[in-house]
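One structure is given here, and the rest of the page talks about it.
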2 protein chains.
Amino acid sequence: MFDNQKGSNLPVINSEMSEAEINRMMESACEASNFLKAISHEGRLMILCHLATGEKSVTELEQLLSARQAAVSQQLARLRSEGLVEPRRDGKTIYYSLTDRRAVQILDVVYELFCKKG
Amino acid sequence: MFDNQKGSNLPVINSEMSEAEINRMMESACEASNFLKAISHEGRLMILCHLATGEKSVTELEQLLSARQAAVSQQLARLRSEGLVEPRRDGKTIYYSLTDRRAVQILDVVYELFCKKG
DNA sequence: TCTACATATTCAAAGAAGCGTATATGTGAA
DNA sequence: TTCACATATACGCTTCTTTGAATATGTAGA
């Protein structure tokens with residue numbers, strides 16, 4: 001039903017692909033699934049959404065998410081280790097901001113698909 | 001850095017939002033994260049990619065993924081329960097196809113971001 | 001220096017996810 | 001009906017993820 005004819009730009013995967021091409025594809029799938037795992041967590045998703053409107057301190061995020069300090073900090077650590085966010089220290093507080101355009105692009109689509117529907 | 005000024009259509013989340021709006025947003029985030037969890041698995045991601053080129057039988061998918069029957073079947077069950085794929089029986093074999101345009105759209109972006117880069 | 005505050009890290013416990021083996025279901029053909 | 005094939009499900013096991021509690025680090029100010 002929703003296949004390539006319908007405006008998708010997805011690759012055609014066929015049996016003529018070389019082993020090298022298959023391997024590259026598997027690697028990409030692995031990379032992509034790690035990325036998706038990083039953002040497929042309600043709290044982390046909300047953090048990314050909030051950061052999309054500009055940098056926020058950890059305390060601000062705690063309040064916005066009604067979550068505990070340790071939890072938010074851990075979620076930020078995960079996002080940091082995936083290279084999706086970046087800390088900036090100003091005195092005692094640390095501000096986080098998005099660093100990865102991929103996060104923004106996916107977020108855009110996700111928002112479009114899950115938040116704008118009736 | 002990557003905030004709304006940069007072409008993103010993400011919502012501005014501010015303190016003037018009503019509680020109802022916040023709740024709706026939390027619900028959407030939950031729904032979205034379930035969806036993302038469903039596709040953030042290397043095997044399921046590959047299944048979706050393969051189905052993007054047209055329907056495939058379970059046996060075909062087993063071969064394409066070099067995975068065992070039970071594993072593929074379980075992954076399909078998960079995708080089915082999320083409403084992302086749909087089975088069609090023809091005799092003894094069952095063909096799966098994509099049913100959710102959201103999967104295709106996300107896949108498109110993911111492919112763009114993870115497979116087309118240098 | 002000591003204290004308070006903001007954030008990070010560690011670690012154990014709880015929970016969820018994925019996998020393999022075995023078994024069940026459904027279908028067509030003999 | 002019986003058999004073989006395609007697929008699905010159940011169950012136990014292992015591994016990954018998330019969380020809370022406690023503790024550590026880093027910074028500013030007294």
Side-chain angles (χ1 to χ4, degrees), chain A residues 26 29-51 54-99, chain B residues 26 29-51 54-99:
Chain A
M26 299 289 258
C30 191
E31 202 187 335
S33 84
N34 282 335
F35 175 88
L36 290 169
K37 276 176 191 145
I39 70 173
S40 65
H41 172 277
E42 196 183 346
R44 291 194 294 263
L45 199 53
M46 285 302 289
I47 288 178
L48 294 173
C49 281
H50 284 295
L51 295 186
E55 66 173 14
K56 300 274 180 300
S57 72
V58 179
T59 305
E60 285 176 306
L61 290 171
E62 283 169 43
Q63 294 163 350
L64 288 165
L65 303 183
S66 317
R68 310 207 176 193
Q69 188 269 319
V72 172
S73 199
Q74 284 163 166
Q75 293 164 181
L76 285 167
R78 174 74 193 274
L79 294 172
R80 227 184 313 127
S81 80
E82 297 287 336
L84 300 183
V85 301
E86 202 175 46
R88 173 180 77 79
R89 180 182 276 279
D90 178 15
K92 277 183 283 188
T93 80
I94 294 186
Y95 294 93
Y96 276 87
S97 53
L98 299 178
T99 50
Chain B
M26 299 288 258
C30 192
E31 202 187 335
S33 82
N34 282 335
F35 175 89
L36 290 169
K37 276 177 190 143
I39 70 173
S40 65
H41 173 276
E42 196 182 346
R44 290 194 295 265
L45 201 52
M46 286 303 289
I47 288 178
L48 294 173
C49 281
H50 283 295
L51 295 186
E55 66 173 14
K56 300 273 180 303
S57 72
V58 181
T59 305
E60 285 176 306
L61 290 172
E62 283 170 43
Q63 294 164 349
L64 288 165
L65 302 184
S66 318
R68 311 210 174 191
Q69 187 268 319
V72 173
S73 198
Q74 284 167 38
Q75 292 165 181
L76 286 167
R78 174 72 193 274
L79 294 173
R80 228 185 312 127
S81 81
E82 297 286 336
L84 300 183
V85 301
E86 201 174 47
R88 173 181 76 81
R89 180 182 277 278
D90 177 15
K92 276 183 284 189
T93 79
I94 294 186
Y95 294 93
Y96 276 88
S97 54
L98 298 179
T99 50

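We name chains A, B, ... by the order of the sequence lines, and we start the count at 1 in each one.
Taking atom CD on A:Q75 and atom P on C:dA8, their separation rounds to 12 Å, with Å as the unit. Between the CG atom of B:N34 and the C1' atom of D:dT17 there is a distance of 15 Å, given to the nearest Å. The separation between B:I39 atom CD1 and C:dA17 atom P is 15 Å, rounded to whole Å. Taking atom CD of A:E62 as the reference point, atom P of C:dT7 lies 7 Å away to the nearest angstrom. Spacing between atom CZ of A:R88 and atom P of C:dT7 amounts to 12 Å, rounded to whole angstrom units. What separates CG of A:L36 from P of C:dA17 is a distance of 16 Å, to the nearest Å. The CG-P distance, from B:L76 to C:dA17, rounds to 17 Å in whole Å. Distance A:L79 CG to D:dT18 P: 11 Å, rounded to the nearest Å.
Two residues, A:Q74 and A:G91, neighbour DNA chain D, and the one matched to the more 5' nucleotide by heavy-atom proximity is A:Q74. Annotation: of the two residues near DNA chain C, A:A70 and A:T93, the 5′-most nearest-nucleotide partner is A:T93.
With hydrogens and angles left out, the side chain of B:Q69 and the base of D:dA8 share a donor-acceptor pair within 3.5 Å.
Across D:dT9, C:dC19, C:dT9, the shortest atom-to-atom separation from the side chain of A:R80 is found for C:dT9. Side-chain proximity of B:K92 to D:dT27, C:dT7, C:dG28: nearest is C:dG28. Nearest to the side chain of A:H41, among C:dC5, D:dT19, C:dT7, sits D:dT19. Here C:dG20 is the nucleotide among D:dT7, C:dT9, C:dG20 with the atom lying nearest to any side-chain atom of B:A71. Comparing atom distances between the A:S73 side chain and each of D:dA8, C:dT7, D:dT19 picks out C:dT7 as nearest. Picking from D:dG20, D:dA6, C:dG20 the nucleotide with the shortest atom distance to the side chain of B:R68 gives C:dG20. Residue A:S57 places its side chain closer to C:dT7 than to any other of D:dT27, D:dT7, C:dT7.
If you take CD on B:E86 and OH on B:Y96, they are separated by 10.5 Å, rounding to the nearest 0.5 Å.
B:Y96 comes within contact range of the sugar-phosphate backbone alone, with a heavy-atom separation under 4.0 Å but no base atom that close.
Formation of a donor-acceptor pair under 3.5 Å by the A:R44 side chain with backbone atoms of A:A38 is found in this model. Looking only at distances, a side-chain donor or acceptor of A:S40 sits under 3.5 Å from a matching main-chain atom of A:L36.
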With side-chain contact (heavy atoms from CB on, under 4.5 Å) as the test, would you mind laying out the steps for B:V85 and B:L48 before giving the verdict? CA-CA 8 Å; B:V85 301; B:L48 294 173; 4.0 Å; yes
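Proximity of A:R78 to the phosphate of D:dT18: a side-chain N or O atom is located under 4.0 Å from OP1 or OP2. Distances shorter than 4.0 Å separate none of the side-chain N or O atoms of A:R89 from OP1 or OP2 on D:dA28.
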Name each donor-acceptor pair under 3.5 Å that joins a side chain in residues 60-67 of chain B to protein atoms two or more places apart or in another chain, with its distance.
unit_1, atom_1, unit_2, atom_2, d
B:E60, OE1, B:S57, N, 2.7
B:E60, OE1, B:S57, OG, 3.4

